[in-house]
Amino acid sequence: MAFALRSRVPVKSQTVKSQAPACKARRPLVCRAVLNLEPPKHTPEPAKRDVSVKATGADGEALPLPDQPEQSQRVSLTPSLLDAIVENTFKVPYNAYNSALQAHPLTTKACTSMVGFILGDLIAQHFGHPHASVDVMRAARLGAYGLLIDGPIGSKWYDVLETYVFPKDPISTKAVLTKTALDQVVYATIMTAVYFAVIRCLEGHPELIMTTLQAKFLPTLAANYMIWPLAHLINFRFVPSKYRILYNNVVCVAWLTGLSFLTHSKINFMQLLHLPHF
């Protein structure tokens with residue numbers, strides 16, 4: 001047995017010694033792993049450089065940089081944003097007004113006129129009596145006139161003009177001039193008298209109708225001719241018939257300011273021409 005042990009040891013040693021060189025010659029990396037030699041070296045990735053500039057104080061310590069606004073927080077006027085602004089500002093009210101016109105045309109025009117008269121009178125009160133409180137009843141009377149008189153009658157008047165005055169060519173020059181002349185000679189003259197009569201009745205003083213007409217009818221009509229002929233030339237030429245009450249009330253805000261101021265003051269027309277412009 002001693003001989004057997006002694007004979008095995010040299011053989012094993014020779015086997016190991018003979019395998020190592022051959023292994024190294026064949027596959028160096030595999031041999032290192034088998035013989036528990038040092039692992040293969042991996043090339044590390046280069047570290048990312050911090051290119052941000054840091055401010056330092058007097059002692060050399062880094063100072064915190066101010067927070068930079070994120071790019072996503074900046075609001076730019078892109079086409080989609082502009083479309084949304086236009087949609088919410090103009091198209092939504094426009095579509096709502098159109099729907100109301102189609103469902104209830106006369107009521108919608110009457111309410112439009114009411115809003116225009118109230119707004120015009122509130123402006124007139126502000127400029128005529130800037131330090132006084134708002135006369136709610138006065139604004140309510142003018143709103144009632146717009147709702148019950150001006151809106152419905154004005155709507156029917158425009159329907160008559162569209163039906164009987166050059167209906168086949170409604171926006172021709174002769175049609176526009178004829179409609180404007182009829183409106184200023186017939187409608188404006190009658191409705192100016194109606195306006196003063198209704199307002200005096202709503203105030204509870206019907207006995208003052210004739211006195212008011214004698215004092216203010218001609219000055220009011222003259223002031224009307226300074227504004228409305230040009231306004232109606234534009235109205236009858238460019239504005240569709242269903243929007244004419246709305247157009248009138250947009251123009252009326254300035255006109256009713258002067259009209260309401262003239263109605264509730266003792267100023268004459270020549271003095272009105274020299275009022276400062278606001």
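We're numbering straight along the sequence, starting at 1. Computed from a prediction, not measured in an experiment: that's the story for all the values here. FYI, side chains are in, hydrogens and waters are out, and symmetry mates aren't considered; it's all heavy atoms of this structure.
- The backbone N or O of K91 lies less than 3.5 Å from a partner atom in the side chain of N95, making a donor-acceptor pair.
- The heavy-atom pair separating L213 from A193 by the smallest distance is CD2-CA, 3.9 Å.
- Taking the six-membered ring for Trp and thresholds of 30 and 60 degrees, W157 and Y187 have nearly parallel ring planes, at less than 30 degrees apart.
- Residues L148 and Y145 share a single hydrophobic cluster, defined by chaining ILVMFWY side chains whose heavy atoms lie under 4.5 Å apart.
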Check: Does the side chain to side chain contact (heavy atoms under 4.5 Å, CB included) test come out yes or no for Y195 and T220, once each step is laid out?
Finding: CA-CA 11 Å; Y195 168 80; T220 303; 6.0 Å; no

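- Considering CG of N224 and CG of L218, their distance stands at 12.0 Å, rounded to 0.5 Å.
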Check: Stepwise, does the side-chain hydrogen bond (donor to acceptor under 3.5 Å, both in side chains) test hold for N98 with Q102?
Finding: CA-CA 6 Å; N98 261 342; Q102 293 177 1; 5.5 Å; no

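- The shortest non-hydrogen separation linking I245 to K109 is CG2-O, 3.5 Å.
- Rounded to the nearest 0.5 Å, atoms CG (L177) and NZ (K174) are 11.5 Å apart.
- Rounding to the nearest 0.5 Å gives a distance of 13.5 Å between OG1 of T192 and NZ of K216.
- Counting heavy atoms from C-beta outward, V251 and W228 have side chains that approach closer than 4.5 Å.
- Separation of atoms OG1 (T173) and CG (L233) is listed at 10.0 Å; rounding is to 0.5 Å.
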Next item on the list: Quick one: do T178 and F236 satisfy side chain to side chain contact (heavy atoms under 4.5 Å, CB included)? Show the steps, please.
Entry: CA-CA 10 Å; T178 303; F236 291 122; over 6 Å; no

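- Under the 4.5 Å side-chain heavy-atom criterion for grouping Ile, Leu, Val, Met, Phe, Trp and Tyr, V115 is not connected to L106 through any hydrophobic cluster.
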Next item on the list: Output, in order, the C-alpha distance, side-chain angles, deciding distance and verdict of salt bridge (Lys or Arg N to Asp or Glu O under 4.0 Å) for E162 and K242.
Entry: CA-CA 11 Å; E162 291 299 308; K242 64 179 180 179; over 6 Å; no

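- Separation of atoms CD1 (I149) and CG (L142) is listed at 12.5 Å; rounding is to 0.5 Å.
- Residues N249 and S113 share a closest heavy-atom pair of OD1-CA, 3.1 Å.
- A distance-only check finds a donor-acceptor pair linking the side chain of Y247 to the backbone of A231 [under 3.5 Å].
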Margin query: Determine whether Y97 and T112 satisfy the following criterion, side-chain hydrogen bond (donor to acceptor under 3.5 Å, both in side chains), listing intermediate values before the conclusion.
Written below: CA-CA 10 Å; Y97 189 78; T112 302; 3.0 Å; yes

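- Here NE2 of H232 is found 11.5 Å from CG of L182. Values are rounded to the nearest 0.5 Å.
- In the model, N248 has no side-chain atom that pairs as donor or acceptor with a side-chain atom of Y243 under 3.5 Å.
- Closest heavy-atom contact between R138 and A124: NH2-CB, 4.0 Å.
- Taken together through direct or relayed side-chain contacts under 4.5 Å among Ile, Leu, Val, Met, Phe, Trp and Tyr, I199 and V194 form part of one hydrophobic cluster.
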Item checked: From CA spacing to verdict: side chain to side chain contact (heavy atoms under 4.5 Å, CB included), Y158, N235 -> CA-CA 11 Å; Y158 289 131; N235 191 6; 3.8 Å; yes

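- Closest heavy-atom contact between G143 and I118: CA-CG1, 3.5 Å.
- By the rule that hydrophobic residues join a cluster once side-chain heavy atoms approach within less than 4.5 Å of another member, M114 and V250 end up as members of separate clusters.
- Considering every non-hydrogen atom in both Q184 and T189, the closest pair reads O-OG1, 3.8 Å.
- The backbone N or O of E207 lies less than 3.5 Å from no partner atom in the side chain of R200, so there is not a single donor-acceptor pair.
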Notebook entry, point to check: Do F196 and F217 pass the ring pair (Phe, Tyr, Trp, His ring centres under 6.0 Å) test, and can you show the C-alpha distance, the side-chain angles, and the key distance before you say yes or no?
Noted result: CA-CA 8 Å; F196 286 117; F217 177 77; 7.6 Å; no

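- Note on V176 and V160: separate hydrophobic clusters, where clusters join Ile, Leu, Val, Met, Phe, Trp and Tyr whose side-chain heavy atoms are under 4.5 Å apart, directly or indirectly.
- With contacts defined as side-chain heavy-atom distances shorter than 4.5 Å, the pair R244/S155 does not qualify.
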